Amino acid sequence: MRLGQPGERLPAAATLVTEEGDELGAVTTLPRDLPFGYHRLVSDDGEQLLIVAPERCPRPQRRAWGWAAQLYAVRSAASWGIGDLANLRDLGRWSSDHGAGFLLLNPLHAATPVVPWQPSPYFPSTRRFRDPPYLRIEDVPGAAALGERLRGLAAAGHGLNGERRIDRDRVAALKLAALDELWRARPRDAHDGLAAYRADQGEPLNQWALFCTAAEVHGGRWASWPAALRDREPAAMAAFAAEHAHRLAFHAWLQWLLDEQLGRATESIGLIADLAVGFAPDGFDAWSWRQHLAADTSIGAPPDAFNPLGQVWNLPPFDPQRLRAAGYRPFIETLRAVLRRAAGIRIDHVMGLFRLWWVANGADPKLGRYVRYPAGELLAIVALEAHRANALVIGEDLGTVEPEVRGALARRGILSYRLMLFEGTDAGRYPELALAAITTHDLPTVAGLWTGADLRQQRAAGLEPNEAGARQLRATLAELASAGASADEVILAAHARLAGTPSLLVSATLEDALRVEERPNLPGTTEAQAANWSLALPRSLEEIEADPLVGRLATALHR
């Protein structure tokens, strides 16, 4: 493995083979017109991967603001109990009309398609494919022709909008039933793009379709599958694929539909996609890349002020040496998948490119250890893939961050992620190369913090909240408003101050725009304690677009 730049002198002569397969003969200096890419150097000592990447990721073309949204929560009257890609399209059009330059979205990563449907976008089966419940059924080719057969399913789906807590199992059952009908009745000439999409996605899509089908047949945990499928024996997989070819084609079709609908959703505004730090141990990525993972180990976090006991996330880490030996193929595939249709990417827990806290399965997280990763090579790959996608990159550099990390990210043109709750209200503290925001999905909303509702919710969930920390965070907001100010006044003042920072990007959550008191996720709780990743916004998309505070907030940010 070697990082190189055009014009760089090599330590010894080697045959250069470009990414396209062109052999340029023996060279001692890399050609000055060598394109960025993944090339090979071949010598008597063997073959070496040569990564030639731009020095910096693409920079935002101008200062811009946008909404940070949990798509599942953004429902309209036409939704089937969950926010979908048509809602994203409509939110994008409305936001763009009001001056927004981007939407920052939760991960759309796919869950294994069995019940119970995994609610957390940060615990996916795979980061390479998208979740079918986000499909708008009425926008699927052939939907209008089905008429009565879809009306009952649609009515049941619309009925789910009456409950604020999202019932993903019911949503998935209704939508998959509708999609089964549409697949069987599909017009044969309506899917000309499907074959091209399958050819473009290649073997990873075939493997995902096989995994989904095997999960439907044998259950959602691959460790319990027949040994030959569990261990990915080629003959067994080929036989299973041949036996279930029609169902594999169905799951590939779902991904094509998702890609098409996402493409239409991003015509009016740029999407900043979110890349989760890992994937579930019983999901597709762990099944297909098991040989590259560290066995019996989880990613987590050491103790800190917000989590004094430390954390275990139950996400298997890549073994850095095995990942490197694989030419970083899993990392490259993941980046390309998330960047597809995106104008940017937010890398969750970007510290994971430098080091990860490993905890042995079943051990106390306090006993974990940091394991280093080849950050220079990983950052070069990020820059290369971002260059190819013409996409900006944001690194979620919150929590325990080594000083040299932010310098390394800045040198690669990766934007920092700065929160007012941590940075304070002094606009001069915010760097230009950053996304500035008030809070995130794991922290209190402005209304929850200002009214004290967040502390009450933590106690109701059985947690022991950090009351001193909450008072400190509230004091930050109090610098911008009087003690008797309403939540509306605090929300507007905080975002007006944020808009005055020099940061290239500024975002506001839809939760704050609607004075929501609950966080999207309350860390340290189970499904029985809190409705994590499952609360819809309290107002429909139609109502959001007409809400006076939302409009005033958009105006403040646009200024």
Side-chain angles (χ1 to χ4, degrees), residues 58-71 73-74 88-106 265-274 342-346 391-396 398 413-441 443 445-447 477 480 488-516 520 537 541 544-559:
R59 179 185 173 94
Q61 296 181 355
R62 59 183 177 86
R63 293 193 72 218
W65 71 272
W67 299 114
Q70 308 293 324
L71 179 56
V74 185
L88 178 63
R89 178 195 63 210
D90 294 340
L91 176 63
R93 289 174 178 169
W94 179 86
S95 301
S96 179
D97 288 344
H98 285 73
F102 65 89
L103 294 177
L104 174 62
L105 213 59
N106 63 283
T266 56
E267 289 175 352
S268 300
I269 199 166
L271 170 68
I272 299 179
D274 203 347
I345 185 173
R346 172 192 176 273
L392 62 90
V393 181
I394 301 163
E396 193 252 328
L398 304 175
I414 296 175
L415 277 68
S416 183
Y417 195 51
R418 300 301 176 96
L419 303 181
M420 182 176 286
L421 291 184
F422 296 158
E423 299 293 321
T425 60
D426 180 3
R429 289 178 55 90
Y430 293 75
E432 179 186 31
L433 195 68
L435 167 71
I438 306 294
T439 185
T440 73
H441 51 254
L443 292 170
T445 65
V446 173
L477 298 177
L480 302 171
D488 286 20
E489 292 171 320
V490 177
I491 290 166
L492 284 170
H495 287 89
R497 179 63 58 87
L498 204 66
T501 68
S503 297
L504 286 169
L505 302 180
V506 172
S507 73
T509 69
L510 287 178
E511 286 77 15
D512 279 342
L514 294 174
R515 320 156 189 84
V516 175
L537 292 169
L541 182 56
I544 291 171
E545 294 175 355
D547 187 285
L549 179 62
V550 178
R552 291 171 66 194
L553 187 55
T555 299
L557 290 168
H558 190 54
R559 286 174 180 165

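These numbers were taken from a predicted model, which means no experiment stands behind them.
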Go through it in stages, so that I can follow the logic: the residues are Leu498 and Met420, the test is side chain to side chain contact (heavy atoms under 4.5 Å, CB included), and I'd like the CA-CA distance, side-chain angles, deciding distance and then a yes or no. CA-CA 8 Å; Leu498 204 66; Met420 182 176 286; 3.9 Å; yes

Qualifying residues under side chain to side chain contact (heavy atoms under 4.5 Å, CB included), relative to Ala508, sequence neighbours excluded: Trp67, His495, Leu553, Leu557

Would you say that Leu443 contacts Ile438 through its side chain, given a criterion of any heavy-atom pair below 4.5 Å between the two side chains? no

Leu91 CG to Leu103 CG distance, which is reported to the nearest 0.5 Å: 5.0 Å

Thr425: what forms a side chain to side chain donor-acceptor pair (under 3.5 Å) with it, not counting sequence neighbours? Glu479

Identify, with sequence neighbours excluded, every residue that meets side chain to side chain contact (heavy atoms under 4.5 Å, CB included) alongside Pro502. Tyr430

d(Ser95 OG, Leu510 CG) to nearest 0.5 Å is 7.5 Å

Minimum side-chain heavy-atom gap Val74-Leu88 below 4.5 Å: no

Between Ala556 and Ala499, which heavy-atom pair has the shortest distance, and what is it? O-CB, 3.7 Å

With side chains defined as the heavy atoms from C-beta onward, is the minimum distance between Leu505 and Leu392 less than 4.5 Å? yes

For the atom pair NE2 (His441) and OG1 (Thr509), what is the distance rounded to the nearest 0.5 Å? 11.5 Å

Can you sort out the partners of Arg63 under salt bridge (charged side-chain N to carboxylate O under 4.0 Å, His left out), two or more places apart, ordered by chain and number? none

Roughly how far apart are Leu433 CG and Ile414 CD1, rounded to 0.5 Å? 9.0 Å

Below 4.5 Å, heavy atoms only, C-beta onward: do Arg418 and Arg429 meet side chain to side chain? no

With sequence neighbours left out, what residues match Glu489 under salt bridge (charged side-chain N to carboxylate O under 4.0 Å, His left out)? none

When every non-hydrogen atom of Gly101 is compared with those of Ala64, the smallest separation belongs to CA-CB, 4.2 Å

Within the 4.5 Å heavy-atom criterion, are Ile272 and Ser507 side-chain neighbours or not? no

Looking at Pro431 and Ser503, what are the two nearest heavy atoms and their distance? O-OG, 2.8 Å

Mind checking side chain to side chain donor-acceptor pair (under 3.5 Å) for Thr440 and listing every partner two or more places apart, or none if nothing turns up? none

For Gly500 against Ala427, the heavy-atom pair lying closest together: O-CB, 3.9 Å

Just jot down the salt bridge (charged side-chain N to carboxylate O under 4.0 Å, His left out) partners of Asp274, sequence neighbours excluded, or say none. Arg346

Qualifying residues under side chain to side chain donor-acceptor pair (under 3.5 Å), relative to Arg59, sequence neighbours excluded: Glu432

Are Leu480 and Val490 packed together at the side-chain level, in the sense that at least one heavy-atom pair is separated by less than 4.5 angstrom? no

Straight-line distance of Asp488 CG to Asp512 CG, nearest 0.5 Å: 11.0 Å

Could you list the residues that satisfy ring pair (Phe, Tyr, Trp, His ring centres under 6.0 Å) with His98, not counting sequence neighbours? Trp94

For Arg497, what residues pass the salt bridge (charged side-chain N to carboxylate O under 4.0 Å, His left out) criterion, not counting sequence neighbours? none

Counting only N and O atoms by type, is there a donor-acceptor contact under 3.5 Å from the side chain of Ser96 to the main-chain atoms of Gly92? no

Any idea which heavy atoms bring Leu477 and Ala494 closest together, and the distance? CD2-CB, 4.3 Å

Going by the salt bridge (charged side-chain N to carboxylate O under 4.0 Å, His left out) test, which pairs reach into residues 545-559, not counting sequence neighbours? Arg515-Asp547, Arg539-Asp547

Working to the nearest 0.5 angstrom, can you tell me the gap between Ile394 CD1 and Leu435 CG? 4.5 Å

Contacts of Thr439 that satisfy side chain to side chain donor-acceptor pair (under 3.5 Å) - sequence neighbours left out: none

Determine the minimum heavy-atom distance between Ser268 and Arg93, stating which atoms define it. OG-CG, 3.2 Å

